[in-house]
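This report refers to the structure that appears directly beneath it.
Computed over heavy atoms, backbone and side chain alike; hydrogens, waters and symmetry mates excluded. Naming: A, B, ... by sequence-line order, numbering from 1 per chain.
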Amino acid sequence: MPNSIVSIRDVVKEYSLGKVVVPALRGVSLEVERGEFISIAGPSGSGKTTLLNLIGCVDTATRGTVEVAGKNTSALSERQLTQLRLDTLGFIFQSFNLVAVLTVFQNVELPLLLQNKLGSGERKKRVMELLTAVGIDTHAQHRPSELSGGQRQRVAIARALVTEPQIVLADEPTANLDSATGEAIIDLMKDLNQKKGITFIFSTHDHRVMKHADSVVRLADGKIIGKESADAAVQAALTSAAGRSPVGAH
Amino acid sequence: MISKLVVLLRIAFANLFGSFLNFFVGAVLFFGAALLVVGGALFGTLDRSLSKSVVGSITGHLQIYSARSKEKLEVYGKFDGSDPNLAPMENFGELKEKLLKVSNVKSVVPEGTSGAMVGSGNTIDLTLEKLRSLYRAQKDGKGLPAADFKTQADSLKDHVKNMVTLLAKDMEKVTELGTKDSIEPEEKAALATTSAPDFWASFDADPFGHLELLENRIAPQVADADLLFIRYLGTDLDAYQETFDRLQVVEGEKVPKGRRGILLPRFFYEESMKLKNARRLDKIKDARAAGRKLSDESDKELQRFQRENQAQTREIVLQLDGLKTKTAVEKLRTLLGRTDGDLAALLGEFFKTTEQNFDERYKFFYAELAPMLSLYRVKVGDTMTLKSFGRSGSLEATSVKLYGIFEFNGLEKSPLAGAAALIDMVSFRELYGFLTSDKAAELKAMKEQTKARQIDRQNAEADLFGGAGDDSAAVVEAKEEKIAEITSAHGLRESAAEKQARVYTQAEIDDGVVMHAAITLKDGTPQAIAATQAELEKLFAATKPRPDAAVQGAVQKLVDEKKLPFALAQATRTVLEGEKQRTADPATGATDAQLIALKEALQGERARLDGKVYEALDKLLDSARPQVWVVTWNSAAGGLGQFIDVFRLILGAMVFGFALVALIVVTIGVTIATLQRTATIGTLRAIGAQREFVVSMVIVETLVLALVFGGLGALCGAGVVMWLHTSGIPAFRDELYFFFSGPSLKPDLDLAGLVFSIVTTLGVSVLAVLVPIFLAIRVAPVTAMQTSE
């Protein structure tokens, strides 16, 4: 069994806007090892989300190969891709994307119900364990609208982990949170990564989040400009920011 | 599967009250479902009530009539009030026997509707007759003591004098109005003569000469009780009374078995035969009992009754002779506190009723005045002379005893149920101009007695009177009288009294022609009616001529060459198809309804059709039709039966309207809801929900919405229906009694209707989700990454 959980080779992704073809990724290749806690960094429009979409099987490459958990996504049907997402991937969205009409418990239980593998008792046990793990168990019967941003993101993390996926994808998971909450969320993700061995791939352009990653893939203009350690990436990010702003990096 | 359903239901119920949009969509479904339940119950009950009224009072479940009839059977008459042109059915007895062998047939009642004039004699006629009898008796030495005679004669003369005076006043008014040219000079002269004091001073010198002048010149000018038109249903009265058991004789008695006689409907008796002022007082009393007020100026009807009662007192004035007039004047003066005023003026004041004095005046009228008056033109036990134009146009007359007044249970106030009198079959046949067994015997005897040539009834008249050129009513009547005179002189014709005393056997009642017949069934459900109709059609299929290939070929050619208008061509094709089938199997063929439809279409197009084309189609009909048509009660009820179709049409329109509105609203509502939830759908897709899950989500949500709101609406509608059933919708107009089959409509809650409304709501909702589903399945999982919460 190869150690790469995600293997991307020479991937090009182009969007058509009328007659104009806009390239989002221009020949990207990337290997992600199992259990990695990896960050995809880069400025807005650099292709971070596009790359995550391809890894998350919610979009397909124009050219090149994307392999997730050993499966070539371009060879899978729509139905198989959906099943792959349900069984292998967990998603944490920038805007949490919880179902507003369901309670915290029901939101987290939702993927299990879609999987239809566990009985009611087991489902309840697993959901409560996760809610406890993310520190939101006391709010199980609350609606998302009754929670703070950080609490909602914790619910989203629990939902992403409830099916015990091999990979969790997080798109700017701290973008809508204050810095302290953001830090706490990243700590939580890191903790789960270490305890459960789940691969985390998250996009961010925030160097304070970036520093928690094992490694950082840096994107610019649809190309990977380097895969480096978190410290190096943070430094590079700070330098880049200082170059753009006379006030200096924040 | 179950776990997914749990999620779907969870989301559906959670979304149910999640938005204003759902409330709006839900409200439409709620009111629509409630409307369907209430509307369905109302129209369903109206349908049943009307059918109960029609079936239970005249038509039975099925009707048969001659297939040779020129027009369709319409038992209540045609739209213009005339009767349809039906061909008579011969040998009813045989027909009845044949029909009674069919297992579901309970009874067969012969019927025939027509109209006649009833002459009850006007007031002056009646008074003059009394006066003539009084003088004749005195002349013959069989009269009263001189003093009593003088009192009575003077009273009657005063009565006639009063009437003449009133007529003279009328004449003055007519002259003032400038319409004097319309008055015959002889009438004017006679009125001048008879209103002069000399005329009355010389009366006793030549009473019969004076009476003749009054009878010939004055009586015809008084139109207070002229001929009255009455519709009647000729029938086997015993069978009718047994079959239509809602009939109740409320005054008098049933016509004894086998006797000739007439029963009048109470509604007609009250409306047309009662003294108008009394009738209006009754109506005012009913209106007040219903909460209406005489003081209400906006109540046009009550105000009209008041006005008419005050202005139209002549009928009472004319009825009262001198003595009674005096008594009435005294009583009225006492009541009104007056010391002067004649009867007309006092009556005018008496009928100025108010909320305060009405009860007292009503009581006074019936206690003090009514005993002196003839409240009804004809009383139970009287003999009525009916005159009618028979089928050949000749004036026929017969006298029948009025045995009783009837009404149909629950339809007491219905003008429709009370529209036709019931008359025995023998009298009906006489009035319709059919050769009854009596008349046949009469003519046979006449022939033998007078040693005449071979003559029939019409020729007999011609032979006796030298030609039948003048058919005017007066001449016909004179001829009738002459025949009666001759036949009575020879002992050939039964007198009216003998006819009334005679008891006819069932065979005599049955053996003869009838116009149509009501068939009542043991099982009268719509399905059983249809099945029995089909069975009877098969029974009469044997009376159809053999299929004619040549006729079929000629008509087929017309159809092929497209020479027929569209509707006629359609009807023709159906009948042709049936005839071709019948050629192979005599038990098959076009149904009566299809043949009648062709006949109707052919009649409708007759003016536009080429003569030869018409002839060919008529021949096809001739070769295809049986002896009699078998039609359902609603078809036989004609225009009235079409109300049922109108009810069904309204109900259908309601269902369609609701379905359309609901379809539009639900489609828009669910579409907007789907568009608003693109992010949720995208998220669900991203986290692993398949497309069918999303489709199911939209469907389940809509169904839950429809089930909850539609179900609540249906239950609410059911509650309204149950409340209406308990309280009843009152028949606020007399006409509605017939539609409601009683004084109020009590809608029945129909479980099928309840289920239908919910199923319709669900069905419409399922249709309405097509667009939202199309949109929902197009939401890509990547949407989840692009949207904010």
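Atom CZ of B/R685 is separated from atom OG1 of A/T82 by 4.5 Å, given to the nearest 0.5 angstrom.
Listed by sequence position, B/E692, B/F693 are the residues of residues 692-715 of chain B in contact with chain A, using a 4.5 angstrom heavy-atom cutoff.
Under the side-chain contact (heavy atoms from CB on, under 4.5 Å) rule, B/T683 has a single partner from A/F93, A/F96, A/F91, which is A/F93.
Open room surrounds NZ on A/K223; 12 or fewer heavy atoms of other groups in view lie less than 6.0 Å from it. For A/D221, the CG atom is loosely surrounded, since the number of other residues' heavy atoms within 6.0 Å does not exceed 12. Atom OH of A/Y15 is surrounded by more than 12 heavy atoms from other residues, nucleotides or ligands within 6.0 Å.
For chain B, no part of A/E172 is nearby; none of its heavy atoms comes within less than 4.5 Å.
A/L113 has its side chain within reach of B/R10: a pair of non-hydrogen atoms, C-beta onward, lies under 4.5 Å apart. No side-chain heavy atom of A/L86 sits less than 4.5 Å from a side-chain heavy atom of B/I687.
Contact count versus chain B (heavy atoms, under 4.5 Å) is highest, among A/D59, A/L110, A/D87, for A/L110.
Minimum interatomic distance between B/G688 and A/L114 (heavy atoms only, all atoms of both residues): C-CD1, 4.1 Å. Considering all non-hydrogen atoms of both residues, B/P781 and A/R85 come closest at CG-NH2, 3.5 Å.
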Problem set entry | Stepwise side-chain contact (heavy atoms from CB on, under 4.5 Å) test for A/Q83 and B/Q690 | CA-CA 8 Å; A/Q83 197 60 43; B/Q690 296 287 3; 3.6 Å; yes
